[in-house]
Amino acid sequence: MTQPYENELRARFGLDVELGVDLEGGEVPDDSWLRRVLVRRTTRRYSDRAVPDSMVRLLLAAAFSASSKSDYQEASCLWLKEPGRRARIAALFPDMPWIGAAPVFLVFLGDARRLEKIGALRGLALDNGALEGFFNAAIDAALALQSCVLAAETVGLGTCPISVLRNRIAEVAEILALPDKVFPVAGLCLGYPAQEGFVSMRLPLEATVHVDRYDEAGLAEAVDDYDRRRDARHSIADRQRAPERFGTAAFYGWSEDKARQAMTPDGVGFASWLKAHGFTLDEPG
Ligand SMILES: Cc1cc2nc3c(=O)[nH]c(=O)nc-3n(C[C@H](O)[C@H](O)[C@H](O)COP(=O)(O)O)c2cc1C
């Protein structure tokens, strides 16, 4: 008898993942949805097949079924239907043409504003602009986003989150006409996939799961092994990032690529934009 999910785990991690299942005991159910989650992937090319509004509404209902910190329900979503405004957003990011081309474009928003409004409705002046208010709203929006992604993939749609919006936050917020204390966590392109795409290999659980205490002793080796596995499946050796700045690496894997990528920070200007739009990002109180 083989371990359930063997093929999916190999696809996700590029190695045999031992779940430690007692094969006689029926410890883990063999579930087709879970199989799909394990091999889920981002989709950036969409077919012309329209996505009916009813489907989008269903997915949004699933999105807002996500759990929510303190039941504050601090996520919102802007469904950008106006072609002209979508085109203005897309024009800001010409290297991501899927932003303009996807049949549906949603923007998941952290919404620290609504709780203040609810306070006002009940005669309570509350300030939700501290770091806690920002953080809770960001988490709620991220959970709604990922719930939408999984719901969409469950019914055969493909998605691509778009956090690059925050790199041009002032223009994006102006186009979306966002009020203070409401900020984009990520856009979400949605449509029927035009191609199958590929499963993006993840770091091994040994690097990401810590039992009882945080332990990074094996990190360097785990990352080296992961780089090699990933390279064997899908090499990026011919796409070295900024060689004029970092040189040409003899072996160019995921970790070299991500380290170089992170040397040019994303989201420059986001913190100051937040501070100009109602957030102190300080301790509450
Ligand atoms: C919060 C978030 C923001 C993202 N932003 C972008 C983006 O701006 N553009 C893009 O093409 N992909 C974006 N992605 C997709 C990631 O690149 C993708 O999830 C990652 O490469 C792993 O691939 P996979 O989802 O197929 O496993 C984003 C994903 C997340 C979770």
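First listed ligand is number 1; within each ligand, the first listed atom is number 1. What you see is a predicted model; the values in this text were computed from it and never measured. Residue indices begin at 1 and follow the sequence shown.
Between V164 and ligand 1, an N or O atom pair is found at a separation short of 3.5 Å.
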Show the atom names and distances, to 0.1 Å, of all donor-acceptor pairs under 3.5 Å that link a side chain in residues 97-107 to residues at least two apart or in another chain.
none

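For atom 30 (C) of ligand 1, the nearest protein heavy atom (residue, atom name, distance) is P161 CB, 3.7 Å. Scanning all protein heavy atoms for the shortest distance to atom 18 (C) of ligand 1 gives T42 OG1, 3.7 Å. When only non-hydrogen protein atoms are considered, atom 5 (N) of ligand 1 lies nearest to S163 N, 3.0 Å. What sits closest to atom 15 (C) of ligand 1 on the protein, heavy atoms only, is R44 NH2, 3.6 Å. Here the protein heavy atom with the shortest distance to atom 23 (O) of ligand 1 is S200 CB, 3.7 Å.
Counting all heavy atoms, side chain and backbone alike, I236 lies closest to Y252 at O-CD2, 3.7 Å. Across R12 and V199, no two heavy atoms sit closer than the pair NH1-CG1, 3.3 Å. F279 and K181 get closest at one heavy-atom pair: CE1-CA, 3.5 Å.
Among M201, R202, R41, M96, the residue whose heavy atom lies closest to atom 9 (N) of ligand 1 is M96.
Assignment of F198 to the shell around ligand 1 is not supported, since no heavy atom sits closer than 4.0 Å.
Residue C160 touches ligand 1 through its side chain alone, judged by heavy-atom distances below 4.0 Å. With a 4.0 Å cut-off on non-hydrogen atoms, Q146 does not touch ligand 1 at all.
Remark: R57 engages W79 in a side-chain contact (heavy atoms from CB on, under 4.5 Å) (not counting sequence neighbours).
At a distance under 4.0 Å, no protein heavy atom can be found next to atom 20 (C) of ligand 1.
Applying the 4.0 Å criterion to heavy atoms of W98 picks out, from ligand 1, the atoms 11 (O).
Counting only distance, with no hydrogens or angles, the side chain of N167 and the backbone of G267 share a donor-acceptor pair below 3.5 Å.
F183 and I175 fall into different hydrophobic clusters, defined by Ile, Leu, Val, Met, Phe, Trp and Tyr side-chain heavy atoms under 4.5 Å apart, directly or through other members.
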Go through the steps to decide whether R245 and T264 satisfy the test side chain to side chain contact (heavy atoms under 4.5 Å, CB included), and finish with yes or no.
CA-CA 11 Å; R245 180 175 178 198; T264 308; 3.6 Å; yes
